[in-house]
Structure formats: C-alpha cells, structure tokens
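In what follows, a single structure is set out as structure tokens and then discussed.
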Amino acid sequence: MELDDILASLFPAGHEVRVAHGRIAGHGVLRDGRRIHVVGLADGIALGVEDAASLAAQVLAIARQTDAAPILMPIDSSSQRMSRRDELLGLNEYLAHLAKSLLLAEQAGHRTIGLLYGGSAAGAFIATALATGTLVALPGAHPEVMDLPSMARVTKLSLDVLREKAKATPVFAPGLDNLARTGAVHATWDPAQPLTAQLEALLAEPAGDDARDLLGQQRQGRPKAAAIAARVVHEATRGG
Amino acid sequence: MKAWATQKATRAARIEAGSRYARGKAVAAADLPRFLDAVLRPGDRVCLEGDNQKQADLLATALADVDPAKIHDLHMVQSGVVLPAHLDIFEKGIARRLDYSYSGPQAARIARMLFSGQIELGAVHTYLELFARYFVDLTPNVALIAAVSADVAGNLYTGPNTEDTPTIVEATSFKGGLVIAQVKEIVDQVPRVDIPGDQVHFVVEAGKPFYVEPLFTRDPAAITETQILTAMLAIKGLYAPYGVRRLNHGIGFNTAAIELLLPTYGETLGLKGKVCTHWALNPHPTLIPAIEAGWVEQIHCFGSEVGMEDYIAARSDIFFTGLDGSLRSNRAFCQTAGLYACDMFIGSTLQIDLAGHSSTVTASRMAGFGGAPNMGSDPRGRRHSSEPWLKAGAEADPDTHPHLRRGRKLVVQIGETFGDQNVPLFVERLEALTLAEKLDLDLAPVMIYGDDVTHIVTEEGIANLLLCRDRDEREQAIRGIAGYTDIGRGRDRKMVERLRERGVIRRPEDLGIDPLDADRRLLAARSIKDLMLASGGLYRPPSRFRNW
Amino acid sequence: MSVISALRNETTSWYEASARQRIDALVDRGSLTEFVGPAARETSPHLAIFGLPTQLDDGIVVGEAALDGRAVLVAAQEGRFMGGAFGEVHGAKLVGLLRAARATRRDVLICFDTGGVRLQEANAGELAIAEIIRALVLARLAGVQVVGLIGGRAGCYGGGGLIAACCSTLIVTEQGRISVTGPEVIETNKGVEEFDSKDRAFVWRTMGGKHRYLIGGADRLVADSAAAFRAAAIGALSSPTVLDAGTLDAEQARLERRLARFGTAEDATEIWSALGIDPVDDLPALDESSFLARAGGKRESADGAR
Amino acid sequence: MERLTFTLAAAKQAGGLRQQAIIGVVASGNLEVMLERSAPSGTCTFEIETAAHGFGAVWEAVLNDFVARRAAGGLRITINDGGARPDTVALRLAQGVRLIEGDEA
C-alpha cells in the first residue's frame, strides 16, 4: 500500500500528516476523536544522523505532552545511512537516542505502534520499528536484516545454497514472514479492511510486557530465546 | 683492427640519444617512454632495481610501457620480481629471459608464467650469488635504480634504504653500462652521497618516494603460545649452551618471539651480554625491547624498515648511520656478514623432508630464495674460530684432531609441526621436487640443504643433527620432533627414546621447560603499540599495523 | 618457574583477554556465579545448518558477582567466537540478565566485544538486540546503572553500538571501536573513496576510543588493562546517573550541538582542532595520561546526558 | 561438523577440588575445552565436535598422549574445535587440567 492510502484508511476522519525528506510527521484522528501522533520514515530513506535527531526531537516533544495519545510510526526505510560522516559523528548515539526516546514516550503513557509498510534493515530497523511497543506490518513489507548477497559474501556460500537453507529455517533469511515467525511482528494487517478499525482493535488490547520471545517460540521461529531468557531471570532472582 | 672500447662507445651513443630528452642529467617523468626507447636496445641485459623491500617503481611502470616492437628480448637480471609491472614486461614481450632471486608477492603468477614458457628462466639465485654474477657473466648494460634524492651532478642520496644500489651501480657503471635513477626530488645538495654522481648518467624526478614494503614487521599480537614455546626452547637449548653472540634471524613469528623473550625469559637465564650481542639483521621492530634493555651492541642491516627511521637515527651506537644521521644499509655487505661473520642463522620454512632439506616452494608458487640460503649455509672454506663454531664442529666430528677440525656454523630451522591451515611442516617429499620436474630444472629449488642444517626446533623439542651419525639417526631425530604429523607418528619410538638419552633429541622437560609456562605475558611487548612505547615514540608503525 | 612468573607482565591486557578472563579480572576475586553456564550446553541451534562449530556458552558469559563489595550483574561477550555477534541464545542471555536487573535493582556491567548481528541467525539476533535495548532502558528507567566496557578486538559494531549508547556510562580504551556500520561494509557498499577499511589509522581515528571520548560518545578513557577497567567501573557505579525525560532532552541538545559544531568536518582531526586541542596530529600516538592531559577541559562530555 | 567420542583409560586421577573448568574459545585454529568431574574414576571421556574432517587418528594420538602424561582420571571432557592444530589441542588440554586442579573458586 502507498502511504497516502494507508493514512486515508487509518484516519478517515482526517489527518495532518506531512512527508518531507523521507521523514513523516503530523497527527491523525480516529473515529472516536482520539488523536494519534504520527512519526515515521518514508520513501526507503537511509537513516542518518540528522533524520534520527529530527525524529527523536518530535518523539520527545510528544513525550512531554500529558494527553497519553499513542504514537504511530509508519516505516519504509532502508538501513542506517552508511557513510564516513555519519560514523564520524557517532551515528550509534543518534540511533540509540531515537530508540530511547520512543521507550521514554511509551513509559510516559504514549503507546507506540510501529507500522512496517515498506522496507527496513539493520540499525534503522532497531532504532525505529523494533523500538516500538507493538509492531504490525502490511503485506508487501520487506524487512531485511541482512541481504542474501552480503551474506553470501561473508559466509562464502552461494546464493542458491543460502536460498535452500532459508527454506529449512526462518532464522536468517530476509522477508516479512521470516521475521514474523521470530516474533518481531505482532500481526499483519489486512489491507482489504479499514485500517482504522484494525488500529482501534489493537489499541483496545492491553499493552503488556515485551513478549516477542514467547511469540517467536509459539511460531517456531526462535526455538530457544524465551526459555533461555526466562532461565537467566530465574537463576538471577532465586537468591533474593 | 680490433676495437677495444665498443662498450664505452655504445654508452656514449646511449647518453647522446637520451640527452635529447634530458636537461643535463635530468629527465622529466613525462618523457620517460620516449627516453627509454632512445637508450635501450633489443637484447639488453637490464637490472630493474627491486628486492624484497625497495622498488624502482616508476621506472618499472615506464619500462612496461615501452613499445615492444622497438624494445624486446631484454634479459632482466634483478634481485626482486615483486611488482606486477616486473611480470607485465614479459607478458608484453619486452623482456624474454630472467635471472633473479626473490619473488614473494608474485610467487603464483611467476610460477604460471614459467609453466607456460612466457619467461625463459636463467636461474633462481641467492642475493649474494646474483650480485657475484653481476661481476662475472650477468653484468647489466642498463641499470634502472631508485634513490631518495639527487643533485644536478647526479650524486644520489638513498636514505636508509641503500640496499642493492651500490652493488648494481658498481657492476654497471664500471663496465660500460648506463645508470638511470629515479628520485623523489632533485635538490641543490644531497644530505649525503651514497652513489657518486660520475657513476650516474640520468636522473628522473618522480615527485614521490619509491615504494618500500614493510616486510620485517611482525605484530607481537599474532604470536602464539606454541611459538613462544619454540622460542624458549631455542634460547635455553641453543643460544645458551653454544653462547651465540653473532647471528642472523629470519622474519617469522618464532624468531620474533625469541627477540621479544630476550629481555624477559633470556634475563632469567642470565644471558644478557652473553648471547645476541652482534647482528646481521634488518631493523626488526620486535628487537626494540632487547635493544632498549641493553642486550644489543651492534646491528648491520641489509635494508631498512618502514617506521624505524627515527629510532635508528637516535640509536647510532647500535646501527650504521651516515652524516645525515640516517641508516646506511647495504645488502651485499650484510649478506657477506651473515655468511662469514655470524655463528648462527635461525629461521622458519614451509617444508622439511626426512633428510632435513627445506623449501618454501609449493607446486604452484615460486617465491624464490632471497638471502636465506646465504645466511642458512655453512661456508665450508677457511674461517676464523669462535666458541659456537668450534663447539658445533666438535659435536659433528669428535674424532678429528681439534686443530685440524672445521667448525660448523649453526643453521637452525624453527617452526611448529603444523603450519597455517593445518599443513604439516614435515613431508616425505618436498614439493620443490615436483616443481623442478614440471619446469625441467637441473636443481630443485631447495632453500637450505639438509647437510647444512644443524638443528631443528619445534614445540616437541630440539633435534641436534650434528650428533646424528648416519642417515637413519638423522631421519628418526627429525621424526622425533615432528609431533603428530604423519612423519612424526611414523617414528620408531624405541630409537627416538635412545636418541633422547644421547641428547640428540631434547624435549621441553629435558630442558626444564614447562610448556604451560609458554605464556604471552612473557613477551616484552604484546602489541605494535607496546613496541612504539618501548621506543619512546621514535618507532612510527605504518598504518596497516595500527589499532589506534 | 617462580622466576618466570616474577618476570611476567602481569597486566591483564583487556584487548587480549577472553570474555572469562575479563570478568575474572573485573569483579572481586572468585565472586562470579554464572547463569546458564557452559555445562548447561545451551548452544546455538542454528550454526549446524551452516556447518559451523558451536561454543558451549554461545559466546557470552552472564552472571552475578561483586564489584568492590557491591552486588552486580555482569555480562561479557567473546569477540573471537563468531566475532562476538548476537545470535539467538547469546542475545537471550543478555535479555534475561537485563530483565533480572530491573527486577532485582542490581547494576549491570556489560563487556562488549561484538561485530553486531550474527549473520547465520540474523533475524533472531536483530530481534534480540531490540529486546536488549528495551530491557536495558526499562532497567535504567527503574534506576539501575548499566555500565558498558569496550576495548576488545571486535570493537562494538552494529546493534552493539546502539546498545552501548543506551548505557549509563561507557568506558573505552583507544583500541575500542564503537560504530554502527563497519569499515568493510561501508567500503563494500559505498566504495574505497568513501571509506578505506585498510587504512587502519583512519579507521581508528574515525571510530576508535579516543575519538569517541573526545566527542562525548564515551565517558571514561582507560589504559588497556583489566585493572584500569575495574577502577573505572567502580568509579562509574559510585557516581550514578539517571535516565528520565530531562536526560533525553539534554542528550537531544548535546547531539544537535554536535551536528552544529562538527557537521561539516571531513576528518576526525578537524573535529579535534575545532575542540581547541593543539596539536592534534600525534593524538593517536599518545599514551592515556598524556592524551587525557591534552584533551582535558576541551572535549565534549556527555555529562550524564546519555 | 564431525563428531568424535573416545573413552580412554586414565590411570592418574585428576587432582584438585574444582567441579568444572573451561578454557579456550571456538575460533579458527582454536578450540574450547570443558572439563567436568563426572566420568568414572580411571577413565577419561572425550566428546569432540570439530570443523576439520578426517583427523580421527590424529585426535586419538593426541588424546592418548594426554591421558598418559596428565592426571585426567574421572574427567568428562567436551571439546568444540574450530580446526585447531594438534599442538594447540595438547596445550589447551594441559591448561584445562591445570585449571581444574586449582582450588574451588
């Protein structure tokens, strides 16, 4: 789905969302009049230091508001921007700051919902969509932690061999389905139905603790993570 | 009437032809192709200066760009086949025949070109042997050499990397040949005169320094515990009992470990001042801690080492330096020193067979020899006496009257039983033999002959081949320290035990060495940064070795 | 043998040490209790698909220990196993540790040594990093200190760099590199003109510990020794920082100021000069004390705005 | 990956008090060795996973020398190998025995 159609379907009552330089900003209104902040990335942008700082500033401004209005984060990006300048300036801090800002806003009562409608990869994915409290996706989204050609180069395996291996496990190959099976994606929305209803239904669910590892276990994409994390917590807390 | 000065006449003609593109002796870099066309003749014997360290890179590229229709069938006589251009010359048909010494970085390509007949091989030499032939039957008609700077008279300053230059110029210039030098810049006055201007006919200003490979830098961070164990064995089992004061080291990590153990482990053995005082050696950065701790009295160098310039200049009591303060190296003299004035060579290799022959050649790679076979051989002829030389001679030949007995130079191979990729050091048959058959060579490219080798050190112990009395003993002594290689597992256990009782084989425990003491914390420096700090900031490592 | 021991350089080099050696030298002697240790044999279920060997602890040690008498949780990545990269089990152990930190209000020390996500289990690793960041930030919001220690061979790359920047305090050596995209990856994607990964001096002055310390990307710069890390970690825990809205507002201002001050710099040396440090050319070669003396009062500091 | 197991007679009982020791890392040319005091006395068991195929005979030779030279009775030894050379294997095994001989930490 295109961003305009998505926004129209999400906010039939209207929205004030602008896209500039690949950054999405504004707000929309649900059918019951509830205000939804919208902050995100568009046009497959590579997330650099300026973008991250700009997004974080918006998120922090929302966090200061006491309206408890949710933040919707539509994402269509590539990876972080790969450049000498970005790394020289400490891109890791900018991306981490964005992730922290999202978590702070959530802590301050603003639910954060990622909406993956295009691509995303690597550090950009971690700092945005994966830092939200709930991540949903639309069909056609194409997240890619690591592209297969790069993997082929590093692992010295051919693309064909990698594609064959990808059939046996969702754990490394790109794509929405693979990622969903590891528990990263809470649900994939149905574009044929009004998105506004699907968002309202999601907001009606209580926001719980991070349960992505349990989801990955159920969906058999991450067989061990939930149990290992739980066992560490158990061993660390049994003393006192 | 017979003409007796044709060579000088030819040189005069070359100078006249070349002068069309020169202002005095100076040739512009842009004019090099036309200039080389003018001074070279088909069939010339050409020395394109290059060895395992410095390279006349600008002249190499220019020579590869001359027109093969005009200039062809050159006979290259040079130390190093190192740059891609050195082989492009053959691919393009500019050169046909090759006599050389070292081809480390081009080992695979030169092997392919030898197989396909693109190169007509004269011989693969040791450095000293090739230098010797410059004065007998391989005298260059034209030498293309490299220096740091020149003045208008052609006086050359080579800086610390003098290396082969004086030898090449001596042979060329005094036998009617033409000498062309590339320099970074032409100056009013050179800092010191390494080559007198009357021996140099043309100078090309390159605008940049000639290329130098930092071949002798070993990062202490890459030294393994097993290499430290072999180094401990060598120090306690060889350096100490023979009292080796004058020596040469190879460039491997085992010998780097020895250098870094001198101020620590060597100190505990009370060896300071008793071993390792005088060296024929390149300025190894790993020797800095031992120098700083007062172990070393003096070092003569084949060449320099990138980053060591300021350190050397600040330690002129140790190194040979010129009026300008910087190192004066000389490969021919240092090779001679290693051959005749040292009591020990110790170095690593790729393959050792049951007779002790060793080679760095594999079936698809032809790395050449460089200087190791000169260092790693017993010169046999008359020699002055020294304690290690006499002791080794007595071990090898106890029955001859001491005053008539030849001593022996210690020639030591050191390594781990398995090398990179689990490739065994010990083999039934050297791949050098396979290569010799493929190329129909008279001689297999053996680096060091078994009868020159006196000791082999591995993590399993030391085999003293001087004490072996026949071929069987020699084979079992080698098998006895070959560990878990096929060669090692094929040993005659009883015979190996008997050899051990006689001291032919000495295990770590026989020398009072616990392998678990072989710990990186024994190294006087554990990183390149440590070396830099040990030098008081005088050593400036090249970027590729830095992690700061 | 005793003579040999006496001559050893007993400084434990952090750069050289294994994960286990680092923890042993960091915390009070013998105080570590490991969670889900190697005897549990909880290895990666995914590496076999690629014919790769597993490690019994999947490349990370997590546990509880005492630091100068204070009960802490600790983690250390093994940079030599799979480049210290985050796989499913590896990541889950750190997730669990940080969740426990929040529950038990114990401070955490994380010894990073990682190239980022483990390719062979990329989705699991990526998600684990997201879970770690969430657990880490929630623990900090609950008042827990999380101290990151960086000085290993693998540096702290990819998602590791993001996790590090979420910590309360970062302690680095000059060898320690912190970055998102690694040098080889930038070079492969953008060309050698953009980033020459073979020019190590350039790599370190762009991503290394000294540069990060100078721009406020790290808080304490120490010599390459476990003892120095220990002292700095004790110091960090005794001067706690908070994470709240004010912290992030301050960080926002700090990061925007960095863009304004240094955004046009082509090279790290221009940034150092702009900081007023003079001279800058030999900064990389200086030992820690000379470096700190020259940088003193001139560097950008995070001052708790992290 | 190749999996190898060996059960060897080990006359000398492992000393010390530690229940478990681990040394080394799984990297190219390196290996990890975990020693647990859980084999019957007088024997030493080995479970090896190695990236280098076809070296069973070399492993056996290294392990036989190890149990002959070191006090390894009663030890269950688990090895994950990244293609280490035999000298490295022998060194790690010896280091492991020294470690488990230490006092209970």
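All chains are named by letter (A, B, ...) in the order of the sequence lines, taking the proteins before the strands, and each is independently numbered beginning at 1. Every heavy atom of this structure was used, including side-chain atoms; hydrogens, water molecules and symmetry mates were not.
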Using every non-hydrogen atom in the two residues, find where Leu259(C) and Tyr94(A) come nearest and quote the distance to one decimal.
CG-OH, 3.5 Å

Which heavy atom in Arg212(C) sits nearest to a heavy atom in Glu87(A), and how many Å separate them?
NH2-O, 2.7 Å

Region of [X] that comes under 4.5 Å of a non-hydrogen atom in chain C:
X         : result
Ala63(A)  : neither
Ser83(A)  : both
Leu60(A)  : side chain
Glu106(A) : side chain

Does any backbone or side-chain atom of Val36(C) lie under 4.5 Å from a heavy atom of chain A? Answer side chain, backbone, both or neither.
both

Turns out that what part of Tyr157(C) lies under 4.5 Å from chain A's heavy atoms comes down to neither

Decide yes or no for [X] and [Y]: does some side-chain heavy atom of the first lie under 4.5 Å from some side-chain heavy atom of the second?
X         : Y         : value
Leu138(C) : Gln107(A) : yes
Arg84(A)  : Ile186(C) : no
Arg222(A) : Glu121(C) : no

Does Glu88(C) reach the main-chain N or O of Lys224(A) with its side chain, forming a donor-acceptor pair under 3.5 Å?
yes

